[in-house]
Amino acid sequence: MEIIYEDNHIIAVSKTCHEIVQADKTGDEPLSDTLKRLIKERDAKPGNVFLGVTHRLDRPTTGVVLFAKTSKALERLNRMFSSGEVHKTYWCIVENVWGSDENAVESTADLPPKEQDLTDYLVRNEKQNRSYAYSEPRQGAKEARLHYRVIASTERYALLEVQLFTGRHHQIRCQLANIGLPIKGDLKYGAPRSNPDGGISLHSRQAQFVHPVSKQEVVIVAPVPDDTLWKALAAQLD
């Protein structure tokens with residue numbers, strides 16, 4: 001965990017794939033408790049520290065997580081997340097099914113486009129802790145919308161930038177896997193092998209919103225994981 005933004009009302013951290021945002025059945029300490037303890041010790045606060053969870057990231061996912069330091073900010077951020085006023089950008093690594101520019105795949109008829117909007121209807125299976133995507137509405141399904149595009153690539157892997165328009169359970173993981181682009185390391189959704197660190201190559205890269213109190217534009221960017229492939233792909237964008 002690394003603090004990447006903080007003011008009187010908001011604190012944002014860059015989460016690793018080993019950390020959880022809120023307490024779960026594993027019993028591991030969540031980021032919310034870790035941050036409370038850090039703020040209490042750092043600022044020598046005599047009483048309890050207020051810290052509100054505004055959203056979640058799956059455990060194996062890395063990147064930006066926002067917390068509220070005041071009840072006013074929590075109430076307003078919750079409302080902003082619900083209404084889509086917090087714009088989140090994700091990066092993820094998938095297999096480069098298109099080939100390199102020098103050695104592109106001859107026939108792309110059966111391949112997904114390098115950029116497109118996706119709309120699916122997701123059904124969550126609680127027992128399996130995974131979602132399933134369908135092309136048409138059905139009972140219990142929730143509409144899921146996103147846009148992705150390829151922004152960098154190596155011979156074996158491609159870096160996608162994903163804009164979320166809805167917030168569904170495992171949405172990016174499920175929708176990309178549904179078109180044959182499982183995220184690297186994501187065994188649950190069809191990746192052939194796990195990542196060495198046990199995480200998946202899905203990164204909450206940026207959060208952009210109007211500050212709930214100051215009303216100033218805020219853009220928070222999380223550095224990519226300390227990994228050779230992530231750094232090589234990100235370096236192409238510098």
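Residues take their numbers from the sequence shown, with the count starting at 1.
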Original post:
Does the cation-pi check pass for Arg138 over Tyr121, that is, NZ or CZ under 6.0 Å from the six-membered ring centre and within 45° of its axis?
Top reply: no

Subject >> Close side-chain approach of Ile200 to Arg173, heavy-atom, < 4.5 Å >> reply: yes

Subject >> Over all atoms of both residues, closest heavy-atom pair of Arg76 and Val213 >> reply: NH1-CA, 3.9 Å

Original post:
Relative to each other, are the rings of Phe81 and His55 parallel, tilted or perpendicular (30° and 60° limits)?
Top reply: parallel

Subject >> Glu161 and Tyr148: side chain donor to acceptor below 3.5 Å >> reply: no

Subject >> Smallest separation among heavy atoms of Pro225 and Thr62, with atom names >> reply: CG-OG1, 3.7 Å

Subject >> Under 3.5 Å: donor-acceptor pair, side chain of Thr61, backbone of Leu57 >> reply: no

Original post:
Salt-bridged, Arg145 to Asp120, with N to O below 4.0 Å?
Top reply: no

**OP:** Please answer whether the main-chain N or O of Pro182 pairs with a side-chain N or O of Asp186 as donor and acceptor at a distance below 3.5 Å.
**Re:** no

Original post:
Yes or no on side chain to side chain contact (heavy atoms under 4.5 Å, CB included) for Leu51 and Ile11, after CA distance, side-chain angles and deciding distance?
Top reply: CA-CA 9 Å; Leu51 195 73; Ile11 186 168; 3.8 Å; yes

**OP:** Using a strict cut-off of less than 4.0 Å between a Lys/Arg side-chain nitrogen and an Asp/Glu carboxylate oxygen, indicate whether Arg79 and Glu85 qualify as a salt bridge.
**Re:** no

**OP:** Determine whether Val53 and Leu66 fall in the same hydrophobic cluster, where Ile, Leu, Val, Met, Phe, Trp and Tyr are linked whenever their side-chain heavy atoms lie under 4.5 Å apart.
**Re:** no

Original post:
Under a 4.5 Å cut-off applied to non-hydrogen side-chain atoms, are Val97 and Leu181 in contact?
Top reply: yes

Subject >> Separation of His203 NE2 from Lys15 NZ (nearest 0.5 Å) >> reply: 11.0 Å

**OP:** Begin with the C-alpha distance, continue with both residues' side-chain angles, and end with the deciding distance and a verdict on side chain to side chain donor-acceptor pair (under 3.5 Å) for Thr166 and Glu143.
**Re:** CA-CA 8 Å; Thr166 54; Glu143 186 183 57; over 6 Å; no

Original post:
Any donor-acceptor pair under 3.5 Å linking the side chain of Glu19 with the backbone of Thr16?
Top reply: yes

Subject >> Donor-acceptor contact present, side-chain Asn96 to main-chain Ala158, <3.5 Å >> reply: no

Original post:
Which pair of heavy atoms, one from Ser204 and one from Lys88, lies closest together, and at what distance?
Top reply: OG-CE, 3.8 Å

Original post:
Run the side chain to side chain donor-acceptor pair (under 3.5 Å) check on Glu29 and Thr34 step by step: do they pass?
Top reply: CA-CA 7 Å; Glu29 182 178 74; Thr34 304; 2.7 Å; yes

Subject >> Electrostatic pair Arg59:Asp28 at N-O distance under 4.0 angstrom >> reply: yes

**OP:** Report the hydrophobic cluster partners of Val210, with the cluster defined as I, L, V, M, F, W, Y residues connected by side-chain heavy atoms closer than 4.5 angstrom, directly or transitively.
**Re:** none

Original post:
Are His147 and Phe165 near enough that their ring centres are under 6.0 Å apart?
Top reply: no

Subject >> Test log, rule side chain to side chain donor-acceptor pair (under 3.5 Å), inputs His9 and Thr70 >> reply: CA-CA 5 Å; His9 296 276; Thr70 63; 3.0 Å; yes

Subject >> Ile220-Ile3 co-clustered via ILVMFWY side chain contacts under 4.5 Å >> reply: no

**OP:** Could you give me the CA-CA distance, side-chain angles and deciding distance for Leu31 and Ile20, then say whether side chain to side chain contact (heavy atoms under 4.5 Å, CB included) is met?
**Re:** CA-CA 6 Å; Leu31 278 175; Ile20 54 176; over 6 Å; no

Original post:
How would you list, by chain and number, every residue that makes a side chain to side chain contact (heavy atoms under 4.5 Å, CB included) with Asn125, sequence neighbours excluded?
Top reply: Lys127, Gln128, Tyr132

Subject >> Between SG on residue Cys174 and CG on residue Leu118, distance to nearest 0.5 Å >> reply: 10.5 Å

Original post:
Do the side chains of Val64 and Tyr90 get nearer than 4.5 Å, heavy atoms only?
Top reply: no

**OP:** For the pair Trp91 and Trp230, name the ring-plane relationship: parallel under 30°, tilted 30 to 60°, perpendicular over 60°.
**Re:** parallel

Subject >> Spacing of Arg37 atom CZ and Arg42 atom CZ [to the nearest 0.5 Å] >> reply: 13.5 Å

Original post:
Which heavy atom in Asn195 sits nearest to a heavy atom in Ser201, and how many Å separate them?
Top reply: ND2-OG, 3.2 Å

Original post:
What distance separates Ile172 CD1 from Gln163 CD, expressed to the nearest 0.5 Å?
Top reply: 9.5 Å

Original post:
Any side-chain heavy-atom pair from Thr54 and Phe67 closer than 4.5 angstrom?
Top reply: no

Original post:
Is there a path from Ile39 to Phe50 through hydrophobic residues (I, L, V, M, F, W, Y) whose side chains come within less than 4.5 Å of each other?
Top reply: no

Subject >> Heavy-atom side-chain contact between Leu160 and Ile151 under 4.5 Å >> reply: no

**OP:** For side chain to side chain contact (heavy atoms under 4.5 Å, CB included), just list the numbers for Leu35 and Met1, CA-CA rounded to whole Å, side-chain angles, deciding distance to a tenth of an Å, and then say yes or no.
**Re:** CA-CA 9 Å; Leu35 270 177; Met1 177 198 73; 3.9 Å; yes

**OP:** Return yes when atom CG of Asn48 has more than 12 non-hydrogen atoms of other residues, nucleotides or ligands closer than 6.0 Å, and no otherwise.
**Re:** no

Original post:
Which distance, rounded to the nearest 0.5 Å, do you find between the CG of Leu176 and the CG of Leu146?
Top reply: 6.0 Å

**OP:** Consider only side-chain heavy atoms of I, L, V, M, F, W and Y, link residues closer than 4.5 Å, and tell whether Leu237 and Val150 are in one cluster.
**Re:** no

Original post:
Which value, rounded to the nearest 0.5 Å, describes the distance between Arg205 atom CZ and Cys92 atom SG?
Top reply: 13.5 Å

Original post:
Heavy-atom distance under 4.5 Å between the side chains of Arg168 and Arg124, does that happen here?
Top reply: no

Original post:
Any side-chain heavy atom of Val162 within less than 4.5 Å of one from Thr89?
Top reply: no

Subject >> Candidate pair Glu2 and Val13, rule side chain to side chain contact (heavy atoms under 4.5 Å, CB included), full reasoning >> reply: CA-CA 5 Å; Glu2 175 189 357; Val13 303; over 6 Å; no

Original post:
Taking it one step at a time, do Asn129 and His169 satisfy side chain to side chain donor-acceptor pair (under 3.5 Å)?
Top reply: CA-CA 9 Å; Asn129 188 32; His169 178 257; 3.1 Å; yes

**OP:** State, with a plain yes or no, whether a side-chain heavy atom of Tyr189 is found less than 4.5 Å away from one of Ser131.
**Re:** yes

Original post:
Linking I/L/V/M/F/W/Y whenever their side-chain heavy atoms sit closer than 4.5 Å, directly or via other members, would Leu229 and Leu159 fall into one cluster?
Top reply: yes

Subject >> Enclosure of Lys142 NZ (heavy-atom neighbours >12, cutoff 6.0 Å) >> reply: no

**OP:** Please name the pair of heavy atoms, one in Ala144 and one in Gln175, separated by the smallest distance, quoted to 0.1 Å.
**Re:** O-NE2, 3.2 Å

Original post:
If you measure from the Lys or Arg side-chain nitrogens to the Asp or Glu carboxylate oxygens, is any gap between Glu6 and Lys69 under 4.0 Å?
Top reply: yes

Subject >> Atom of Pro60, atom of Gly198 and distance for their closest heavy-atom approach >> reply: CB-O, 4.4 Å

